[in-house]
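Have a look at the structure below, then the notes.
Any value given below was found using the heavy atoms of this structure, including those in side chains, with hydrogens, waters and symmetry copies removed. In what follows, chains are A, B, ... by sequence order, proteins preceding strands, each numbered from 1.
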2 protein chains.
Amino acid sequence: MSICVVRQGACVRWTKANSLEVRGKSGQGQALAQSHIRDPKKNRRLLVQATLDSVAEAGIAETTVSAIIKRAGLSRGMIHLHFGGKDGLIVAAAEAFGEEYYSEMDRQLALVSGDPASVVRAVIRADLSPEILNRRSAAIWHGFRGEARTNPAIARFSDTRDRRLRLMVFNAFDALLNTNPQDQDRELANEVTLGALALLEGMWTDYMTHPNAFSRDTANRIILRFLNGVVPGAFPVEQSGI
Amino acid sequence: MSICVVRQGACVRWTKANSLEVRGKSGQGQALAQSHIRDPKKNRRLLVQATLDSVAEAGIAETTVSAIIKRAGLSRGMIHLHFGGKDGLIVAAAEAFGEEYYSEMDRQLALVSGDPASVVRAVIRADLSPEILNRRSAAIWHGFRGEARTNPAIARFSDTRDRRLRLMVFNAFDALLNTNPQDQDRELANEVTLGALALLEGMWTDYMTHPNAFSRDTANRIILRFLNGVVPGAFPVEQSGI
DNA sequence: ATACTTAATGGACGATCGTCCATTTCAGAA
DNA sequence: TTCTGAAATGGACGATCGTCCATTAAGTAT
């Protein structure tokens, strides 16, 4: 759309951001692809995606302003314009990542019937699915989690994200274990929930450190085997998993 | 020992590194505390510890040369002198951290009788003990694990560390499950091992993100409960844990 | 066409990064 | 004491960090 004229020998390439192609990734194109009508938030999303890609490939430390704008094909000032600074962009990227996670999780859970064991099975399967657990997401999640220790904004987001998943799993185990309500049963449900989530966390870590040796089927089967041990019979382990 | 004379107004403090006090932390003082005889590797250790402390408190990204030498009370050039550069120091710090981990793990395991279930119990208890799992170690471990994706030297160290722990646990489960040797049992032992380690990983993550809400007893009890499910009766869960 | 608002640019800026090395300090030998 | 080699120092250096803003480009209203 606009060729950056070589002035003082600085810019030599197309600014890809303004080309007409519309990234069809998240299919929400609400008549945005029409000829001149530009998406007013396109560059915002472009910067957020570039940030996430950079965090995934190069890590948080290497995700500099220069690296981000190079990926996005935009100019330096855009970050300050849209997010007030780099920190604002990082937080926005963390939020966007959380939305990616939960929108896919919800999509996969929407197809599942309501009995508690099925919900748990579906959560585990979804959390290990290629759409949710992949090199990009594992690296991003690890990076942001580390950042959460220092950055309060990210810590808050990270917490709420965790809480929602925990509540979902807890409710399932609560319904599964509490045929007649009792306090120690509720405590048991809480412990089983923590254990299940710890197993998932550990699998994510395992995947991140050894993505090639990792098997989703095996991970899924192991978790079901462990859950079937604490809630006997509720999670029969099939021979071939996912 | 040496006051840095104010020259060009740069240095105004004692260089703490050369004061006579000997850090009694790792009690290996082999006659080093005697009057003039200086420990030739004191500054190496000082830099490594300063690096680990910085990684623990401020994260990998904030662990700069300036931050490290400020903590160590040494001068800029020491890092280049002893480690060839910052990267060398980071790797040395990762190795030192691994040694800290395993020396403490070995110390705690040395007291344990040899039956497999006791070994597993001891590994879990040790891995969750305050000496091994604390804010410092959790933050350091998380930081280095993220760095391992990019830094081959750290990846290699990180891998060998993991492998040793895994082998230890696997052998225990193998002995526990294989009364008469069979292939599918060996596969089962492998899966139980992966699950147990994933549980520990998850607990470490949980501790790192919520150190105040974390309970070592609860974590220990949860893991034993899950293990008792997959190896029935081998890990009876007491009412009050660790 | 002209004026005006918003989006976007990219270079300037001071701060800080890690590396390197000329110099100084120090302990032990001569 | 003087000499010598190693240990230690801290400032110089170019590179790169994130921020900021004067300027240009694009879109809309008059």
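A donor-acceptor contact under 3.5 angstrom links the side chains of B/Y101 and B/D127, judged on distance only.
Between the A/Y207 side chain and the A/R135 main chain, a donor and an acceptor come within less than 3.5 Å of each other. Under the 3.5 Å distance criterion, the side-chain polar atoms of A/R149 are left unmatched by any main-chain donor or acceptor of B/T209.
In this structure, CD1 of A/I69 is placed 16 Å from P of D/dC20, rounded to the nearest angstrom. Here D/dT9 presents its C1' atom at 15 Å from CG of B/L46, a figure rounded to the nearest Å. The distance between atom NZ of A/K70 and atom P of D/dT16, rounded to the nearest whole Å, is 11 Å. For B/F83 and D/dA7, the CZ to C1' distance is 14 Å, given to the nearest whole Å. As a whole-Å value, the separation of A/M78 CE from C/dT9 C1' is 9 Å. The distance from atom CG of A/L74 to atom P of D/dT24 is 21 Å, rounded to the nearest whole Å. Atom CG in B/L47 sits roughly 14 Å away from atom C1' in C/dG18 (whole-Å rounding). One can place CG of B/L81 at 18 Å from P of D/dG11, the figure rounded to the nearest angstrom.
For C/dG10, neither phosphate oxygen OP1 nor OP2 lies less than 4.0 angstrom from any side-chain nitrogen or oxygen of A/S75. The side chain of B/H82 contributes an N or O atom lying less than 4.0 Å from OP1 or OP2 of D/dA8. Checking the phosphate oxygens (OP1, OP2) of C/dT16, no side-chain nitrogen or oxygen of B/T64 falls inside 4.0 Å. A close approach under 4.0 Å does not occur between any side-chain nitrogen or oxygen of A/H80 and OP1 or OP2 of D/dT19. Here B/S66 reaches the OP1 or OP2 of C/dC17: one of its side-chain N or O atoms lies under 4.0 Å away.
One finds a salt bridge joining A/E57 and A/R71 here, because a Lys/Arg side-chain nitrogen approaches an Asp/Glu carboxylate oxygen to under 4.0 Å.
Contacts of B/G77 with the nucleic acid, taken as non-hydrogen atoms under 4.0 Å apart, include base atoms.
The shortest side-chain heavy-atom distance between B/R136 and B/V55 does not fall under the 4.5 Å cut-off.
Ranking D/dA8, D/dG18, C/dC20 by closeness to the A/K86 side chain, first place goes to D/dG18. With D/dT19, D/dA12, C/dT9 as the choices, the nucleotide that has an atom nearest any side-chain atom of B/R76 turns out to be D/dA12. The B/N43 side chain lies nearest to D/dA8 when the options are D/dA8, C/dT19, C/dG10.
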